[in-house]
Every structure is written in structure tokens, then in C-alpha cells.
Amino acid sequence: MKAKSWFNLHSWAGLFVGVLLFVICFSGTLATLSHEIEYLSDKKFRAISNSGETNYIAIEHTLNKTYPSAQILYIHRHKQDYLATEVALKYHDEFLFVYLDGATGAWLGEGKWARVSRFLRNWHMNLSLGWIGKLIVTSLSLLLLVLFISSFYVYRQWWLGFFKKPSQLLKTKRSSWADWHKLLGLWSLWFIAVMSITGTWYLIEHGLQTARIDHYVAEPSALRNLRKVPVQESSAPLHVATLTHKALQAFSSLDIRYIRYGKKANQAVEVRGYNNDILLRLRANRVYLHPTTGVVLGIQKGENLPIIARIKDTADPLHFGNFAGIGTKLIWTIFGLAMSFISATGMYMSWLRVKRKVTLTKWLGVAGGAATVLVVASVIVTSVSFSVRTVPDLLFAPALARPK
């Protein structure tokens, strides 16, 4: 292909659904720091102590004292210890988030399902449009890949441009915007590559899930056997402190960060955590426990994952940069903003080139107009739906009660 053909391909890929691509880039950037945004917005999201030790006895004591008759759906302590520990409760048949200090169990506040991080996650992940929304979002990774590859042909001798001083930005001077577009694009190449690769994996994963093709580690046979056992009405579920103790006996190096109860007595309790692994999400390490006896039904270790499962559990940390604390989150945010700027300036330069010849509607075209309508619709749908969270009718978790 000639240079002009590559330029036309690059311009088409950036403008085809440019508005949508910008929204996905920008929403993903905000989603990266969504919990930190909440941290700054309300003190209930802020842990009192930065200690990495989690006191599940104190957490359970606070819950018993404050929310008698409630049941725990799950407990989640973030990898970043400055964030509050979240406990999801079934309380008076409604969903309730309770925020506690993980190290001391101190009560920090409560809230509903709707919050900033939920809005941004839903909007970025699938535009709140379910299956088709996720297909649209993940398919953009292919467009991003086209932009990534074509940029090397569009920008001749690109390797000389890393330290080239850009001209002063002028609102109507296309060349000045081009200078900044190229400069930030060059420094963001590695980041665009990461987003393209992880996004392409999400697209493949979406296809595998749609086709119901198994691509993860099979659950332990003991879990399947447990589900075949008739539910014993007289059996009582174990408390969180007991379950975490049992899990640590089986997996001593596990840094427990998540405990989830099942709906019935014949469903295992799942305990998740970190195990000093590199680039693995929380679910990579798990212990499955019998809900009434605490017997270990299975252990999954991230270090033993097969290649496809490893890719699946590495994609999220790479995509959102949450694998090494606030430092990598800030790096991902900076380059996410740069990527959003690159997307926006690409569209703006295209408009400056033709604005004297065509109307805005004609410039956008059918694809651009459809992308704009889709973005507006997604904001409306997300605003309406992100607060909806029901609780299961059945939940096999101990009922909280005030200490006597």
C-alpha cells in the first residue's frame, strides 16, 4: 500500500465511529480511577488504616452489632489498602453496601448499589446494552489495531519524532493539532498496543462465552458432587471468621480479599485472594469450602493455571493497570487521557480539513451519526439502569445478630 492509502485507512478508522471510540477511551480512563474518585468524594470510601492485615472477626462483630438479621452476600477488600472494605448485605430483602475499615472493622458508612464506579464500569464495559453492547465495545479493539498499525506508515520516520518540539496549538490551524496528535501518539504506542491486545482478547472471550465453549479451569468435582446432595434444612452455615481460618489452613500464603456465600446449603463458599503472583486478577486464586463443615472442596492456584486461563485472568490487570497500586493506576490514567486526546484531535483535524466544503451531518456520515446516537442512548440507559440490583430470594449465609 502507498502512503496515501495508509493515510486514508488511518483517517477512516479514526472517523468511522470516532465519537464512540473517544467515549470508550475516556470512560475507561475514568473507570481506572473510579474507586479513587469515590475515595475523594466521601469519607466512607476511605480506610482508616493502611494495614494489609484484614480482621474478619472485627468485621463480623461490627456487622452483627449494626445490622441484626441481615445476611452477607460477599465481602471484598480491595488490593489498595487505602480503600474501604465493602460488604454486600441482604438487609430487609434489599441490597445494601456497608463500608468498613478492613484492619479494625470500624464502621465507615453504607450505601446502595448505585455509585460512580458502577456507572463507569457498566458504561465502559458494554454501554449498558448487554450482549450487543459488549460486542460493539470489544469490536473497537480491531479498529484500534488498524489505527496502531497504520500509524507507522502514516508518520514517516516516526522514530525521529519522540523529542520533536510541537508547534503552539491554534484552534483553527490543523498542522498544530497534527503535531500534538503525532507526539502523544508516539509516546502512547505501547499503551495503545496493550489496549488493542487486551481488547481483542475480550472480543475472543465474548465469542467463546456466546458459543458456550469452555475456556477456563473446570470447577472441582467435589462442587458438582455437593450440588447433588439434598439440602439439609437443619444445617447452619459457618461464619466468616471460621471460613477464612479454614481457607488459610488449606492455602497458607493466600492473602484473602473476597468471601462469597452460596444461595443454598449444597453450594460451596468461595474464598479468593492474592498469592504474590504477577499480573493476575483476584479470582485466579481460590479455595472452595463446604458451607456447614468448612471442609476444603477444592483449591485453585494462579501459578498452576493453563495458558488460556492465565490470559483470561491477566487481561483485566493489564487493561486497567490495577496490578501494582496507585502508581500504575496513575500511569494508565495519564496515557488513557492521552489516548482520548489523540482520538478527539484525529476527529477534529478531519473536520478542519473539510469544514468549508461539507456540513457537519454530511461529514459525520451514517456511521458517525449512528455512533453519536448510540453514545447518547448509552448514557441515558446507563443512568437509568446502573442503580438496579436485586438480592436472591434464597441465601445460605448466617443471619447476623447483636452480641448478647
Side-chain angles (χ1 to χ4, degrees), residues 27-63 66-67 72-89 91 95-125 240-241 244 254-260 270-286 313 316-334 336 386-387 389:
S27 63
T29 301
L30 294 178
T32 298
L33 282 181
S34 59
H35 292 298
E36 283 69 22
I37 293 171
E38 291 172 340
Y39 177 96
L40 295 173
S41 69
D42 195 321
K43 64 180 181 182
K44 71 182 178 186
F45 298 110
R46 307 169 200 162
I48 299 171
S49 168
N50 285 334
S51 171
E53 298 293 325
T54 308
N55 191 334
Y56 288 102
I57 295 176
I59 288 173
E60 205 162 22
H61 177 76
T62 299
L63 293 172
T66 314
Y67 302 97
I72 298 173
L73 291 160
Y74 62 83
I75 297 176
H76 179 208
R77 186 171 189 191
H78 294 274
K79 192 170 188 176
Q80 292 75 34
D81 293 322
Y82 53 79
L83 297 173
T85 296
E86 303 168 0
V87 181
L89 295 181
Y91 191 49
F95 182 91
L96 181 68
F97 263 135
V98 177
Y99 302 97
L100 305 168
D101 181 68
T104 65
W107 185 89
L108 301 174
E110 62 181 42
K112 296 296 183 179
W113 179 251
R115 55 184 189 174
V116 171
S117 58
R118 176 50 49 190
F119 181 94
L120 291 172
R121 178 181 173 82
N122 288 6
W123 194 31
H124 178 71
M125 182 172 61
V240 169
T244 54
L254 184 66
D255 176 17
I256 297 174
R257 295 281 170 157
Y258 182 88
I259 305 102
R260 185 183 69 187
E270 188 176 328
V271 180
R272 303 178 186 176
Y274 298 107
N275 188 35
N276 296 315
D277 298 298
I278 299 174
L279 287 175
L280 280 179
R281 64 189 297 183
L282 181 61
R283 71 179 184 189
N285 297 284
R286 318 186 199 195
D313 283 343
D316 271 12
L318 265 181
H319 195 73
F320 291 102
N322 57 0
F323 55 89
I326 188 64
T328 51
K329 279 190 169 189
L330 288 173
I331 292 172
W332 257 240
T333 300
I334 290 169
F386 86 109
S387 61
R389 178 64 156 89

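Worth knowing before you read on, the calculation uses all heavy atoms, side chains too, and leaves out hydrogens, waters and symmetry mates.
- Among all heavy-atom pairs drawn from F323 and K79, the shortest one is O-NZ, 3.2 Å.
- With T62 contributing its side chain and W107 its backbone, the two residues share no donor-acceptor pair below 3.5 Å.
- For the 3.5 Å distance criterion, the side chains of E36 and Y82 qualify, holding a donor opposite an acceptor.
- Within the cation-pi definition used here (under 6.0 Å to the ring centroid, within 45° of the axis), R118 does not qualify as a partner of F386.
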**side chain to side chain donor-acceptor pair (under 3.5 Å) assessment of Y74 paired with E86** = CA-CA 8 Å; Y74 62 83; E86 303 168 0; 5.3 Å; no

**Request:** Dump the intermediate steps for side chain to side chain donor-acceptor pair (under 3.5 Å) on Y39 and Q80, then the final yes or no.
**Result:** CA-CA 11 Å; Y39 177 96; Q80 292 75 34; over 6 Å; no

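- In terms of heavy-atom proximity, L108 sits nearest to A47 at CD1-CA, 4.2 Å.
- Other residues, nucleotides and ligands contribute only 12 or fewer heavy atoms inside 6.0 Å of the CD1 atom of I57.
- The aromatic rings of F119 and W123 lie tilted to each other, with the angle between the two planes from 30° to 60°.
- Across I48 and D101, no two heavy atoms sit closer than the pair N-OD1, 2.7 Å.
- Relative ring orientation between H124 and F320 is described as perpendicular, the plane-to-plane angle rising above 60° on a 0-90° scale split at 30° and 60°.
- The local environment of CD1 in I278 is sparse, with at most 12 non-hydrogen atoms from other residues, nucleotides or ligands closer than 6.0 Å.
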